[in-house]
Amino acid sequence: MQSDRLLLRGRLLTFKAEPQTPDDTAAFDYIEDGALLIENGLILRHGTYTDVVTDAGSADIIDHRPHLLTAGFIDTHIHFPQVQIVASWGAQLLDWLNTYTFPEETRFAEEDHAAAMACRFFDLLTNHGTTTAVAYCSVHKGSAEAYFEEAEQRNMRMIGGKVLMDRNAPDGLRDTPLSGYDDTKALIEKWHGRGRAHYAITPRFAITSTPAQMEMAGALVTEHPDCFVQTHLSENRNEIAYTLELYPEARDYLDVYQSYGLLSDKMLLGHSIHLEQREIDALAETGARPVFCPTSNLFLGSGLFDDAGLKSRGIVNAIATDIGAGTSYSMLQTLNEGYKILQLQDQKLHPFRAFHWITRGNAVALGLEDRIGTLDEGTEADIVVLNARATEAMALRMERAETLAEELFVLQMLGDDRSIDEVYVAGKAQKGKAPVMAGQRPSSRSRASREKELVLS
């Protein structure tokens with residue numbers, strides 16, 4: 001009979017701070033033969049296998065050696081209703097929205113469709129190692145219900161909200177200031193703080209919300225200051241110009257949101273590429289979080305995110321996939337493209353900082369680092385098991401890798417869902433691998449893994 005306790009054995013990597021240089025080993029803990037003792041969805045013990053196993057009692061033991069265990073990945077900007085338009089050929093942002101996004105999102109008025117897509121969406125997240133995400137649902141209240149219901153069934157710490165949009169969208173994809181307020185209020189009351197759910201008040205962007213709706217969004221933020229707020233900012237030059245036509249009194253694009261009281265450290269601003277100096281000053285003053293969406297920015301030709309420039313002002317930047325303009329659910333592939341965008345600006349994304357970013361770094365951006373994003377004792381047991389030899393090309397490269405940093409960089413540049421050997425959400429395995437009891441050797445491993453285990457035993 002399976003125990004309520006679980007012990008995971010493997011190489012452990014968790015971060016205490018953001019690494020400032022490639023040699024900043026004080027920013028993380030790495031244990032070559034480590035273990036995590038888990039009970040009731042929480043990490044009870046974190047340390048060497050020798051130390052932790054003494055407290056394991058009747059815990060089931062799963063031996064993931066030689067793989068690497070890190071905190072589950074966190075995706076801070078993703079569009080749930082866009083799962084079936086990823087990799088749709090198109091022009092730039094506004095044309096892409098009109099051609100693909102808006103027609104697709106009208107389908108989420110159908111509750112059965114929303115529920116079916118939610119199941120597949122969450123499967124894709126966990127298969128790619130993502131255990132927490134911040135998602136835009138469609139304008140339909142039922143799409144948010146489907147999203148939160150699926151998250152609750154899986155006991156995942158998820159953030160999301162129905163979009164508010166009352167103009168510049170097709171029939172069937174608009175609400176009104178009042179209906180948007182009422183639906184959001186009801187969703188907050190039902191879901192925010194229930195289990196592991198958080199609500200995000202979600203005006204899609206200034207172009208699709210009238211001043212009256214922005215005023216309602218501001219009222220919601222005032223009434224629910226513990227909710228997140230998410231929207232888009234300065235992704236595309238034409239978007240910026242159109243926004244300023246619609247809001248001629250605004251000093252700049254960000255001022256639209258600022259003037260309605262939306263900015264705080266609970267606000268996530270997708271893209272934030274083409275920023276004016278006043279906007280950067282306002283981000284620094286209010287603590288609002290820009291979100292870097294590298295695969296999407298490249299796919300739509302939107303521009304290059306200035307990570308170093310914003311960080312130099314003390315601004316906390318998140319990173320995300322932005323499915324469906326983003327082209328991969330994988331936070332590893334997100335790091336791959338992010339590395340290249342920063343290279344073009346003579347900015348560096350070394351592997352320790354990269355893995356901090358998609359774990360503890362994004363948790364810090366969300367203010368949730370005390371719950372997720374690390375393998376610290378007392379935090380929630382959302383864990384990903386990484387295999388740096390998952391493909392032939394990776395295994396060949398790893399024959400020459402000599403350091404942890406090299407291994408992480410292989411995962412950062414070549415990894416994807418094939419590198420995700422297992423995922424645990426609140427301590428529950430998502431890929432169905434059977435427990436391995438103490439003294440037994442795992443059977444569901446690749447030949448390379450089994451050969452490495454002989455060395456570790």
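What you see is a predicted model, and the numbers here were worked out from it, not measured in a lab.
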Can you tell me how far [atom2] of [Y] sits from [atom1] of [X], rounded to the nearest 0.5 angstrom?
X: L414; Y: S419; atom1: CG; atom2: OG; answer: 8.0 Å
X: N40; Y: E380; atom1: CG; atom2: CD; answer: 12.5 Å
X: L13; Y: I31; atom1: CG; atom2: CD1; answer: 10.0 Å
X: L125; Y: T132; atom1: CG; atom2: OG1; answer: 9.5 Å
X: T321; Y: I78; atom1: OG1; atom2: CD1; answer: 3.5 Å
X: F102; Y: I85; atom1: CZ; atom2: CD1; answer: 10.0 Å

Do [X] and [Y] make a side-chain contact, defined as non-hydrogen atoms from C-beta onward lying under 4.5 Å apart?
X: D255; Y: E249; result: no
X: V221; Y: C227; result: no
X: E32; Y: Y49; result: no
X: S272; Y: S234; result: no
X: M214; Y: L262; result: yes
X: V134; Y: Q230; result: yes
X: L366; Y: L268; result: yes
X: N297; Y: I273; result: yes

What's the verdict on salt bridge (Lys or Arg N to Asp or Glu O under 4.0 Å) for R9 and D33, showing C-alpha distance, side-chain angles and the deciding distance?
-> CA-CA 7 Å; R9 185 177 186 180; D33 186 7; 2.8 Å; yes
Residue pairs passing the salt bridge (charged side-chain N to carboxylate O under 4.0 Å, His left out) test where at least one lies in [range], sequence neighbours excluded:
range: residues 197-208; result: E105-R204
range: residues 15-30; result: K16-D29, E18-K311, E18-R353
range: residues 216-230; result: K185-E223

Results of side chain to side chain donor-acceptor pair (under 3.5 Å) for [X] - residues two or more places apart only:
X: D51; value: T48
X: S330; value: none
X: D376; value: T374
X: Y257; value: T231

Pairwise side chain to side chain donor-acceptor pair (under 3.5 Å) hits with a residue in residues 275-292, at least two apart = D252-R278, Q258-R278, Q277-D281, D281-R313
Pairs involving residues 113-130, ordered by first then second residue, that meet side chain to side chain donor-acceptor pair (under 3.5 Å) (sequence neighbours left out) = D123-R154
For D166 and T210, run side chain to side chain donor-acceptor pair (under 3.5 Å): C-alpha distance rounded to whole Å, both residues' side-chain angles, the deciding distance at 0.1 Å, then the answer.
-> CA-CA 7 Å; D166 66 340; T210 60; 2.6 Å; yes
Do R167 and Q213 have side-chain N/O donor and acceptor atoms under 3.5 Å apart?
-> no
Non-neighbouring partners of [X] that pass ring-ring contact (aromatic ring centres under 6.0 Å, His included), sequence neighbours left out:
X: F15; result: F28, H356
X: H79; result: H77, Y136, H232
X: F122; result: Y147

Quick check on the 6.0 Å ring-centre criterion: do [X] and [Y] meet it?
X: Y424; Y: H64; result: yes
X: Y253; Y: Y247; result: no
X: Y199; Y: H224; result: no

Evaluate the criterion side-chain contact (heavy atoms from CB on, under 4.5 Å) for residue pair N362 and L368; output intermediate values, then yes/no.
-> CA-CA 9 Å; N362 273 348; L368 295 174; over 6 Å; no
Could you go through the side chain to side chain donor-acceptor pair (under 3.5 Å) check for Q347 and D306 one step at a time?
-> CA-CA 9 Å; Q347 300 177 25; D306 183 15; 2.9 Å; yes
Using the side-chain contact (heavy atoms from CB on, under 4.5 Å) rule, take I319 and M331 through it: C-alpha gap first, then chi angles, then the decisive distance, then the call.
-> CA-CA 9 Å; I319 190 168; M331 292 303 292; 4.1 Å; yes
Are more than 12 heavy atoms from other residues, nucleotides or ligands located less than 6.0 Å from atom NZ of K190?
-> yes
Could you tell me whether E377 atom CD has more than 12 heavy atoms of other residues or ligands within 6.0 Å of it?
-> yes
Before giving the answer on side chain to side chain donor-acceptor pair (under 3.5 Å), spell out for N168 and Y242 the whole-Å C-alpha distance, their side-chain angles and the decisive distance to 0.1 Å.
-> CA-CA 11 Å; N168 292 321; Y242 190 23; 3.3 Å; yes
What's the shortest heavy-atom distance between A320 and V291, and which atoms?
-> CB-CG1, 3.6 Å
Smallest heavy-atom separation, L6 atom then A59 atom, equals N-CB, 4.0 Å
Going by the ring-ring contact (aromatic ring centres under 6.0 Å, His included) test, name the single residue among F228, F148, W191 that passes it with H198.
-> F228
Criterion side chain to side chain donor-acceptor pair (under 3.5 Å) on Q345 and D307, from CA distance to verdict | CA-CA 9 Å; Q345 302 170 86; D307 176 56; over 6 Å; no
Working for salt bridge (Lys or Arg N to Asp or Glu O under 4.0 Å), residues E369 and R360 = CA-CA 6 Å; E369 67 272 25; R360 181 182 177 276; 5.6 Å; no
Given salt bridge (Lys or Arg N to Asp or Glu O under 4.0 Å), test R196 with E152 step by step and report yes or no.
-> CA-CA 7 Å; R196 302 182 76 194; E152 184 173 70; over 6 Å; no
Might you work through the side-chain contact (heavy atoms from CB on, under 4.5 Å) test for N236 and I240, ending with a clear yes or no?
-> CA-CA 6 Å; N236 172 282; I240 296 169; over 6 Å; no
Could you please spell out the steps behind the side-chain contact (heavy atoms from CB on, under 4.5 Å) verdict for F205 and E239?
-> CA-CA 10 Å; F205 65 156; E239 169 207 9; 3.5 Å; yes
Using the ring of each side chain (for Trp, its six-membered ring), is F121 parallel, tilted or perpendicular to F80, with breaks at 30° and 60°?
-> tilted
